[in-house]
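Just so it is clear, the values below take in all heavy atoms, side chains as well, and ignore hydrogens, waters and symmetry mates. Whatever order the structure lists ligands and atoms in, that order sets their numbers, starting from 1.
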Amino acid sequence: MGYLPFVLLWGLPQVWGSSEASSGPFPFRCLQISSFANISWTRTDSLGWLGELQVYTWRNDSDTIDFLKPWSRGTLSDEMCKQLQHIFQGYRRSFTRDIREFLKMLGTDYPAEVQMSAGCEVLSENSSESFLHSAAQGEGILSFQGTSWVSAPEAPPWVQKVLAVLNEDQGTKETVQWLLYDVCPRFVRGILETGKLELEKQVKPEAWLSSGPAPGPGRLLLVCHVSGFYPKPVWVMWMRGEREQPGTQRGDILPNADGTWYLRVTLDVAAGEASGLSCRVKHSSLGGRDIILSWGHGHVSITLAVLTFILVLGGGFAFAFWFKKRRIYQSIL
Ligand SMILES: *[C@@H]1O[C@H](CO)[C@@H](O)[C@H](O)[C@H]1NC(C)=O
Ligand SMILES: *[C@@H]1O[C@H](CO)[C@@H](O)[C@H](O)[C@H]1NC(C)=O
Ligand SMILES: *[C@@H]1O[C@H](CO)[C@@H](O)[C@H](O)[C@H]1NC(C)=O
């Protein structure tokens, strides 16, 4: 599992980050992770996403790509599917061999981690954008642009040697162009159709408030839980009236077991300032009717009631103890 840190550092921010920021809702991205532990040990695993949904996986142990959704094949004919599978199998074999060659040529030590991120996004009926980037040891090194391989802006000097070799291979460049600029957009248009129902699914969130462990004396941690929503993009903020509270802390969006998402958003406030605050949730499934939950008297009085109870109880014990002791002393006297 040595490659995981690199996926987290390099791969996922690209995958998740841009899928949330991009204009089109369903960019198609494949991520390939290849680890070369030493001269004899290697594995290559690949994953494919449409927007935030994982639709493919291709593990090193398997000869064939796993389609994770019944609609993952899109509108590809069986013949085309076979042809692509064949191309990718050949690619995986030669990739492993070529990287070993490059490592030898460059005199680089093992272990090596190589990642590829490739895909496309359909922007309109006639336009799409495709990309293919590669990283080594977690840093971007090169990409495919138009008709050739080019270096990433901050790439180390040795990348030039790799580019010279890659750019000499006309056949591979033509195949990459065909896959990126012709097959990919066509394929994505198809899969957007076959997966429409699931891709455009909308599930409304539920939200509730609670208090977390007190961050300090006289302070409260207000927690707003938002759960069960789909798709993933969501906006949650602690507010006072219409004013967003800048201290709002957003957790990571976590998966629920049923494919929906969960998010926890907190605010650390002085106990006296909690009332009048509310948690506001915006989500595409709500059709503009935001969820607003107020940190009302309910929460305050429950907290106060518990505190009072503890104080009274504690006081009662202390008094009983003192009273008992006193009686003991009295009886001694
Ligand atoms: C290569 O790496 C693998 C995995 O880390 C290890 O199990 C194996 O013993 C190594 N082989 C050599 C020849 O160093
Ligand atoms: C990955 O797959 C290749 C090709 O099938 C195989 O030679 C290699 O041993 C596999 N690696 C691991 C770690 O299973
Ligand atoms: C897309 O291309 C076709 C054929 O070239 C053209 O008829 C159509 O108007 C174009 N659509 C858009 C939205 O540009």
Side-chain angles (χ1 to χ4, degrees), residues 1-16 28-50 53-69 72-74 76 78-119 131-144 149 156 158-159 161-163 165-166 168-169 171-180 183-184 187:
M1 279 321 207
Y3 56 77
L4 261 180
F6 292 106
V7 183
L8 295 177
L9 286 176
W10 186 76
L12 288 186
Q14 294 231 337
V15 170
W16 298 106
F28 174 64
R29 300 168 175 275
C30 295
L31 183 66
Q32 174 198 329
I33 305 128
S34 297
S35 304
F36 298 80
N38 51 44
I39 194 94
S40 57
W41 193 99
T42 176
R43 65 174 300 145
T44 287
D45 299 277
S46 307
L47 312 148
W49 279 277
L50 193 60
L53 269 191
Q54 194 187 343
V55 286
Y56 307 99
T57 182
W58 191 18
R59 299 186 58 79
N60 189 76
D61 326 73
S62 169
D63 257 351
T64 51
I65 297 171
D66 244 336
F67 295 86
L68 301 179
K69 301 282 177 190
S72 295
R73 274 169 204 270
L76 291 181
D78 284 352
E79 201 183 330
M80 184 68 171
C81 256
K82 263 199 206 128
Q83 191 191 352
L84 288 175
Q85 186 90 49
H86 189 71
I87 290 175
F88 290 130
Q89 283 162 348
Y91 160 77
R92 191 169 72 174
R93 272 193 305 273
S94 44
F95 181 85
T96 307
R97 190 192 57 218
D98 292 350
I99 295 293
R100 288 225 167 98
E101 287 293 314
F102 280 132
L103 290 172
K104 208 155 86 186
M105 176 179 104
L106 300 165
T108 310
D109 266 344
Y110 290 91
E113 301 281 336
V114 181
Q115 290 168 264
M116 307 284 285
S117 164
F131 58 89
L132 191 168
H133 304 287
S134 177
Q137 316 295 49
E139 307 239 20
I141 52 165
L142 56 83
S143 64
F144 194 84
W149 300 96
W158 59 261
V159 172
K161 292 191 202 162
V162 175
L163 288 175
V165 175
L166 288 177
E168 249 172 40
D169 182 351
T172 302
K173 285 200 294 184
E174 276 165 20
T175 307
V176 173
Q177 281 176 62
W178 175 65
L179 288 173
L180 279 183
V183 175
C184 190
F187 168 68

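- By the 30° and 60° cut-offs, the orientation of the rings of Phe28 relative to Tyr56 is perpendicular.
- In this structure the side chain of Leu103 never reaches within 4.5 angstrom of the side chain of Ile39, judged on heavy atoms.
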Show the distances, to 0.1 Å, for all pairs joining an N/O atom of ligand 1 and a protein N/O atom that are shorter than 3.5 Å, listing one pair per line.
from     : atom 1 : to    : atom 2 : distance (Å)
ligand 1 : 2 (O)  : Asn38 : ND2    : 2.3
ligand 1 : 11 (N) : Asn38 : ND2    : 2.9
ligand 1 : 14 (O) : Asn38 : ND2    : 3.2

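- Residues that satisfy the ring-ring contact (aromatic ring centres under 6.0 Å, His included) test with Phe88, not counting sequence neighbours, are absent from this structure.
- Side-chain contact between Val162 and Leu106 is present, with at least one heavy-atom pair separated by less than 4.5 Å.
- Side-chain N or O atoms of Gln137 include one that pairs as donor or acceptor with a backbone N or O of Pro111 at under 3.5 Å.
- Side-chain N/O atoms of Ser34 and Gln32 include a donor and acceptor closer than 3.5 Å.
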